[in-house]
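I have placed the structure first, in the form of structure tokens, so that the comments after it can refer back to it.
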Amino acid sequence: MTTNEGGPAPRGDASWAAGALWWHVYPLGFVGAEIRPADPDAHLARPVEHRLGHLEAWLDHVVGLGLDGLLLGPVFASQTHGYDTVDHLRVDPRLGDEADLVHLVGAAHARGVRVVLDGVFNHVGRGHPAFRLVEEQGPAAPTAGLFRVDWTGWAAGQPVRVDVFEGHGALVALDHDSPAVADLVVEAMCHWLERGVDGWRLDAAYAVPPAFWARVLPRVRARFPHAWFLGEVIHGDAQAIVRASGIDTLTQYELWQGIWHAIADRNLYELAHAIGRHDDLLETFVPQTFVGNHDVTRIASAVGPERVPHALAVLLTVAGTPSLYAGDELAWTGVKEEREGGDDAVRPTFPALPPSPDELDPAARRVLDATRALVAMRRRLPWLTTARTDVLHLDNRALVLRTGTGFGAVVTALNLDDAPVSLPAADARTTVAGDGRLDAGTVHLPAGGWAVLEA
């Protein structure tokens with residue numbers, strides 16, 4: 001199935017997802033699995049380790065935060081970190097087996113929590129059987145059409161010159177012009193949707209031609225019309241990608257960068273600019289928003305634990321489909337480094353059970369309390385998902401935002417200065433969260449303070 005030339009690609013009926021609030025997890029790290037086994041092939045033949053129950057034990061924590069979605073990182077068989085998939089139809093034995101994953105999905109659904117899986121469909125691991133067959137048999141291999149290979153001058157026994165993902169030799173790029181690749185992706189998506197998952201995160205969607213998704217997604221939606229598709233896009237024309245691909249939403253990296261840069265650098269003009277750009281996207285789709293994920297330095301390390309509530313206040317009062325990266329609500333720290341293993345600090349093992357609030361230090365407790373208050377407000381005011389935001393006050397270290405529709409308005413006030421400040425509160429009447437004092441149309445913030453107010 002293809003789309004009309006020049007027209008927008010069709011989308012399904014996943015309207016339920018725009019207002020969902022997600023908890024994002026990197027499963028291999030979460031359960032304490034070995035990320036870089038000494039023998040990347042041998043570990044796939046080891047006995048299954050049934051570790052997904054470790055994640056199930058945190059589901060009540062997810063519900064307690066007020067969230068209703070579980071956004072999982074890679075769970076399929078791979079040689080190392082999960083993004084070098086070798087079998088899309090098999091759960092990684094470091095995590096468990098298919099029955100374990102189906103049980104986790106059922107346990108989440110029983111609590112009203114949807115589950116989305118991470119689909120790595122731009123590339124596969126070099127150990128994928130389909131590519132190993134190509135290495136053994138050359139262009140005569142029945143799977144040769146899955147990959148972009150330069151066979152010029154090739155002879156048996158020579159290395160196969162194949163395209164790889166962003167210079168990573170272990171990640172072999174798929175040929176997205178090949179009908180066989182489309183069939184592979186449709187089969188994998190439908191296999192797990194049949195087993196109860198609610199949608200897919202499309203890893204590295206920016207590296208895949210939008211026309212590929214426009215061919216694949218209608219085939220999947222014909223069977224699962226309510227499935228939701230989130231594309232990982234870190235650059236490019238987001239609106240054009242959505243229109244051409246039919247993907248429901250894309251990751252909003254520009255807003256993420258605007259939030260943490262502005263707070264860390266005490267330059268709130270950058271945030272105001274990013275919010276203006278963010279509002280423009282709403283003409284086409286509802287972006288997927290975040291202040292942390294498995295690929296970036298944790299927000300508490302980026303801005304300091306005392307400023308995490310400022311970031312969360314923006315995330316949860318502007319339009320979008322927000323996700324919280326697991327542990328950020330507890331002010332966990334971790335710095336991403338550009339080296340092998342440089343992601344480990346932001347992908348740690350979680351304890352067997354969530355800590356009680358009494359076990360948290362004061363900074364972490366403040367972040368947890370702010371998270372719960374802001375998520376509760378977001379659930380109570382679902383119109384925030386698509387509401388536009390105006391900037392009412394702006395200087396380097398102080399900002400007031402008003403996000404509203406005909407249903408109401410929310411005012412977000414931030415102070416990054418070392419001195420108290422008084423800011424306009426527009427038509428706000430009550431304080432929802434933060435340490436601001438509201439008085440006759442003015443909100444008074446202490447040094448480094450913040451407040452979310454409701455009209």
Side-chain angles (χ1 to χ4, degrees), residues 252-279 289-293 295-320 322 324-325 328-337 345-346 361-371 373-374 389-403 410-426 428 431-438 442-453:
Q252 225 299 35
Y253 269 87
E254 189 172 2
L255 182 64
W256 159 76
Q257 182 166 289
I259 292 173
W260 81 262
H261 266 188
I263 296 173
D265 297 342
R266 297 192 181 190
N267 177 14
L268 288 165
Y269 285 93
E270 182 171 358
L271 176 55
H273 176 75
I275 287 174
R277 299 262 298 173
H278 179 69
D279 267 10
T289 55
F290 58 95
V291 294
N293 65 32
D295 282 331
V296 302
T297 290
R298 282 191 179 270
I299 189 65
S301 292
V303 305
E306 71 283 356
R307 297 289 186 266
V308 173
H310 297 63
L312 294 174
V314 178
L315 174 69
L316 290 162
T317 59
V318 303
L324 293 175
Y325 184 49
D328 282 355
E329 74 279 10
L330 302 171
W332 285 9
T333 57
V335 176
K336 177 184 172 70
E337 300 178 11
V346 299
D361 63 43
R365 180 62 184 267
R366 284 193 294 272
V367 171
L368 180 60
D369 289 346
T371 301
L374 291 166
T389 298
D390 295 312
V391 178
L392 301 186
H393 175 90
L394 176 62
D395 59 50
N396 281 339
R397 300 187 178 192
L399 174 73
V400 178
L401 305 174
R402 184 184 186 277
T403 304
V410 167
V411 174
T412 303
L414 307 181
N415 179 21
L416 304 181
D417 206 351
D418 298 326
V421 65
S422 296
L423 300 170
T431 301
V432 175
D435 46 16
R437 179 173 61 84
L438 186 60
T442 299
V443 57
H444 305 280
L445 296 178
W450 68 282
V452 171
L453 317 164

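- Using cut-offs of 30° and 60° on the angle between ring planes, the pair Trp256 and Tyr253 is perpendicular.
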(message) Before you tell me yes or no, could you show the steps for His278 and Thr289 under side chain to side chain contact (heavy atoms under 4.5 Å, CB included), namely the whole-Å CA-CA distance, both residues' side-chain angles and the distance that decides it to 0.1 Å?
(response) CA-CA 10 Å; His278 179 69; Thr289 55; 3.6 Å; yes
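- The structure places NE2 of His273 at 14.5 Å from CG of Leu268, a figure rounded to the nearest 0.5 Å.
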(request) Quick one: do Val291 and Trp260 satisfy side chain to side chain contact (heavy atoms under 4.5 Å, CB included)? Show the steps, please. (result) CA-CA 7 Å; Val291 294; Trp260 81 262; over 6 Å; no
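- Counting non-hydrogen atoms of neighbouring residues, nucleotides and ligands closer than 6.0 angstrom, the CZ atom of Arg266 exceeds 12 such neighbours.
- Of all the heavy atoms in Gln257 and Glu270, the pair that sits closest is O-OE2, 4.1 Å.
- With rounding to the nearest 0.5 Å, the separation of CG in Leu374 from CG in Leu315 is 9.0 Å.
- To the nearest 0.5 angstrom, Arg307 atom CZ is 8.5 Å from Ile263 atom CD1.
- For the pair Ala300 and Val308, the tightest heavy-atom approach, listed with the atom from each and the gap, is CA-CG2, 3.6 Å.
- Within the 4.5 Å cutoff, no side-chain heavy atoms of Val296 are placed close to those of Val346.
- Among all heavy-atom pairs drawn from Leu453 and Ala425, the shortest one is CD1-CB, 4.0 Å.
- The backbone N or O of Gly334 lies less than 3.5 Å from a partner atom in the side chain of Ser301, making a donor-acceptor pair.
- Using a distance-only test at 3.5 Å, with no hydrogens or angles considered, a donor-acceptor pair links the side chain of Thr297 to the main chain of Lys336.
- Nearest heavy atom pair, residue Phe290 against residue Gln252, reads CE2-N, 3.7 Å.
- Residue Pro446 is tested with Asp417, Asp435, Asn415 for a side-chain contact (heavy atoms from CB on, under 4.5 Å); the sole match is Asp435.
- For the pairing with Leu312, the side-chain contact (heavy atoms from CB on, under 4.5 Å) check across Val452, Thr371, Asp328 returns one residue only, Thr371.
- For Val443 against Ala413, the heavy-atom pair with the smallest separation is CG1-CB, 3.9 Å.
- Looking only at side-chain heavy atoms (C-beta outward), Leu368 and Leu330 come within less than 4.5 Å of each other.
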(request) Could you walk me through whether Leu271 and Ile259 pass the side chain to side chain contact (heavy atoms under 4.5 Å, CB included) test, one step at a time? (result) CA-CA 6 Å; Leu271 176 55; Ile259 292 173; 3.8 Å; yes
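- Across all their heavy atoms, Ala302 and Ala264 have their closest contact at O-CB, 3.5 Å.
- Between Trp450 and His310, the ring planes lie tilted relative to each other; the angle falls in the 30° to 60° range.
- Partner of His393 under the side-chain contact (heavy atoms from CB on, under 4.5 Å) criterion, chosen from Leu399, Leu423, Leu401, Val421: Leu423.
- Thr403 contributes a side-chain N or O that, together with a main-chain N or O of Thr317, makes up a donor-acceptor pair within less than 3.5 Å.
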